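Take a look at the structure set out below.
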Amino acid sequence: MPEIILKNVTKRFGKFVAVDNLDLYIADRSFITLLGPSGCGKTTTLRMIAGLETPTEGEILIDGETVFSAEKGINVPPNKRDVGFLFQNYALWPHMTVYQNIAFGLENLKWEKKKIKSRVEEMLALLKIEQFVKRYPSELSGGQQQRVAIARTLAPSPKVLFMDEPLSNLDAKLRQEMRTELKRLHSDTNSTFVYVTHDQLEAMTLSTQVCLMNNGLLQQYDPPLKIYGGPANLFVAEFVGNPTMNFIPADVVKLEGNRVELTMLGKKALFQARDNVENLGEKAVLGVRPEFLPIQDGGAVKGHVYSTLPTGMETTVKVTCGDTMLTSVVFGNVDYPVDMPISLSANGDQLMLFDQQSGNAVGQGSLTIMD
Amino acid sequence: MLNPFSARQRARVRAFFGKPANIILVAFCAVLSVLTLYPLILLLLETVTVHAGKEVTSIKLPRGSFTLYSLKNIFATSRFNYSQLTFYQPLFNTLAVALTASLIAILFGGGVAWLITRTNLKCKKFISSVFVFPYIMPAWTLATFWATFFKNVNVGAGTSNGIMAAVFGIYMPEWFVYGYFPISLVLGLHYAPFAYILIGGILRNMDANLEEAATILKTRRWRMMMRITLPIVKPALLSTLLLVFSSAMSAYSVPIFLGSPVRYYVLSTKMMSLINNFPGQGYIIAAVMIIFGVSILAVNQKITGSRKSYTTVTGKSSQISLVNLRGGNWPIAIILTVLMILVAVVPLITFALESVIIKAGDYSLSNMTLDFWIGRNLNYLDQGDSTGILLSAKVLKALGYSLLLAITCSVVAGTSGVLVGYGIVKRRGSKLSTLVSNLSFFPYLMPSLAFGAIYLAMSTRVPGLQGFAVLALIGSVKYLPFASRSGVNAMLQLSGEIEEAAVIVGVPWYKRMIRILFPIQKSSFLSGYLLPMVSCMRELSLFVLLVPTSNTLLTTMLMQYSEKGWAQFGNAINLMIIIVVLLVNFLVNKVTGASIDKGVGG
């Protein structure tokens, strides 16, 4: 069954390196998201796997077959790779009806007329768009167009389905709805999905594995919760999670095995990691997710309320602590007056310690504030 | 190693040519280089070559040898004032006419554009739709009208009186009928719609907020005009000035009708008279015209390149408050309307009238006949043909030949335009794409008559490139800029995804073009076919050097007839061409929504 392997794939546009030496293994039937800020190379990566873009270097295998190799001079055209592609702007052909849009690809594969008809009807039913069969794309709403585009892509039953920010043109409510449908579709169709997005929430909720990229470089390739809980570096830690993780600068006083003595926020603290801490310089950054920094009477970190942002289910509280602005999340609806003195404590064993110079994570563990 | 290239290099080449866009660009790069740069080199060679006939006898060198005689002769011969008469005076006349014409075009066209977009003028709709008429009609329409209307026995080689003298008894002086004044005026009027389209487009699209902001700051109208509006349209004004200047410079039909009767020569007409007896000198004038044309338009490219930053089209701002013309409103509207009728309608009536009178200068009903249109056995006429033009085999053959040429050029140029547009847009940003884009625009920079001269030079060297073949080739190349521009515009409006969605399901390239891309952008692509066709039907200067004697086009036949003084037939054919052009333009407009005033113009 289809697995996708990328070996040392590099794409250069002139001098600009869009994708730099990327290795990736995409398991069969997985739902992978390529996540990253715009211009990070995620779309280019997707287009290279699909065959719409030619890599400068490297090798790509789909289902054991080499579809691209710069070394051996192999480049299988997109239509021979047995892939489907869902475009950001749907790319529905405006001069064809919904039926024609879905059937056109099948006609091309020289299917029998009868078979085409039954397949199109099957697709229309799957995506609940039977009533629009004779309409033109311009007569459909954004969400309906999206469904037609999905039907068209799924019709030839591709082994792998590629999606390039397919939901970014929909409004928030519809996007939520389509996310649910896509996840359901993934389990129904039994195929491998590769999905590009810059929306971390989409990546978190949909995928089995997240491939986070920045500036053409792979940052981390892990399941969503691993990415959230154990970010590999400062970039990942900052990119994933909303509200953003707290980053507290700290000076390293002493390092012994898995124990790190720090001074931060004018206090002494002890960071106890699960494993031995290595590659840590003199300066460190402590990363604390807002949910691990609860407001607690008698907490060791003292500060003042800067602003309170209730969303209904939870409340984000911004706290100034000396020169540092900290974020805490409180469940439920609370409101604090501005400038009220408040104290926080750092809970749990999922706090992250980063080396400031390299930005890499050096340990995960708990923190005890000494005085 | 048997193969000097590694698998990797071979794969690169294969990948490069695996994309249809690359094949198209490479092919057109080669073809266009041959069709534009090669003839240019040939032309330069011809200026220093001895040609058969009079050149051999006066230079006393065998045909084909190298000589600087022509150069010396045309630029530096004081005997009989030869250089002055053959080159410097016509050059001066050309510059004077072109400058005056472009100023008239700007003032008149720009003025009307301002009146239409910025004032509460009456009859706007009528004026703006009739205003572009002279531009759609062939350039010589007004010229022939002027000549037939004002000619009289006192001027030029006058043999008969026109309507003005015959009906009203007013004999206009020579400077008014022929020469500098009417040539400049007629060219100015012909290109005024061009100025109107360019300047009006800017005024219409100009963000009204810019002017509103000035109004809020209590700027007075006059000051606003001088400090806000004019600076914003200035690049358009300059660009119009240059384009009209270069078009007027290479104009041929107007000076031949209004200049040659009094031996008033411009470069184009001088070149035409030299090209048969002293081709070397004719080609030198052609080269001079090309140098002028290319440099003027290069300057224009620079200006229009930066113009984009000026025009901010938001589409959000409301209509700005219009200037109230108050008491001046009706008089201006009436004057303009009358002028429009004089320029666009009266010529047609005049041609109709002139084509039915038997004895020139007598406009009584008893002197009228339809014989010139539908008569047979008219041997008494002594006008070269014995049959009315609608029945004449000769005329119908020319009409057929003209149509065949127009259709051929439109198919070749239009299809090339679609392909070039596809290639350029698909590989946008690459060097190859920029090169092809420039090459396909190059023919636009060439003055028609000089371009014709180049192809004449080429056709004498390349076997098989004669007759219809060379006409079709030059027409296709000359109008490629129109077609490729529509092609590029059409492709730019299509997102790349539309095609990729078909690539993914394995639709072959030709099928993507025919089933997906073309149908979606039908009207843009079609206007790329139809602009060359309309232009081809009314083209004279491009073909005049190349038309074979056995087969004439309607336009060259018109020239012939008017040179021979067969006025009635000439006028009838003139009317026929104008009607065919207007008809094609009208059909095009109705069927596709494409119209000539959206084109690049020229």
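What you see is a predicted model; the values in this text were computed from it and never measured. Letters go in sequence order (proteins before strands), and every chain restarts at 1.
- Using a 4.5 Å cut-off between heavy atoms, K511(B) touches chain A through its side chain atoms alone.
- How far CD of E500(B) is from CZ of F85(A): 7.0 Å, rounded to the nearest 0.5 Å.
- Your options are A155(A), G84(A), A70(A), P158(A), and the one with the most heavy-atom pairs under 4.5 Å with chain B is A70(A).
- Considering CG of N108(A) and CD1 of I504(B), their distance stands at 12.5 Å, rounded to 0.5 Å.
- With a 4.5 Å cut-off on non-hydrogen atoms, R81(A) does not touch chain B at all.
- The closest side-chain heavy-atom distance from P94(A) to I498(B) is below 4.5 Å.
- For Q100(A), no part lies near chain B; criterion is any non-hydrogen pair under 4.5 Å.
- The side-chain heavy atoms of E107(A) and R515(B), taken from C-beta on, include a pair separated by under 4.5 Å.
- Between the side chain of H95(A) and the backbone N or O of L517(B), no donor-acceptor pair lies under 3.5 Å.
- Atom CD1 of I516(B) and atom CH2 of W93(A) lie 4.5 Å apart (nearest 0.5 Å).
- Residue F162(A) does not touch chain B at all, counting heavy-atom pairs closer than 4.5 Å.
- E497(B) pairs with exactly one of L52(A), L86(A), N89(A) by the side-chain contact (heavy atoms from CB on, under 4.5 Å) rule, that one being N89(A).
- More than 12 non-hydrogen atoms from other residues, nucleotides or ligands lie less than 6.0 angstrom from NZ of K159(A).
- Counting heavy-atom neighbours within 6.0 Å of N215(A) CG, excluding the residue itself, gives a total of 12 or less.
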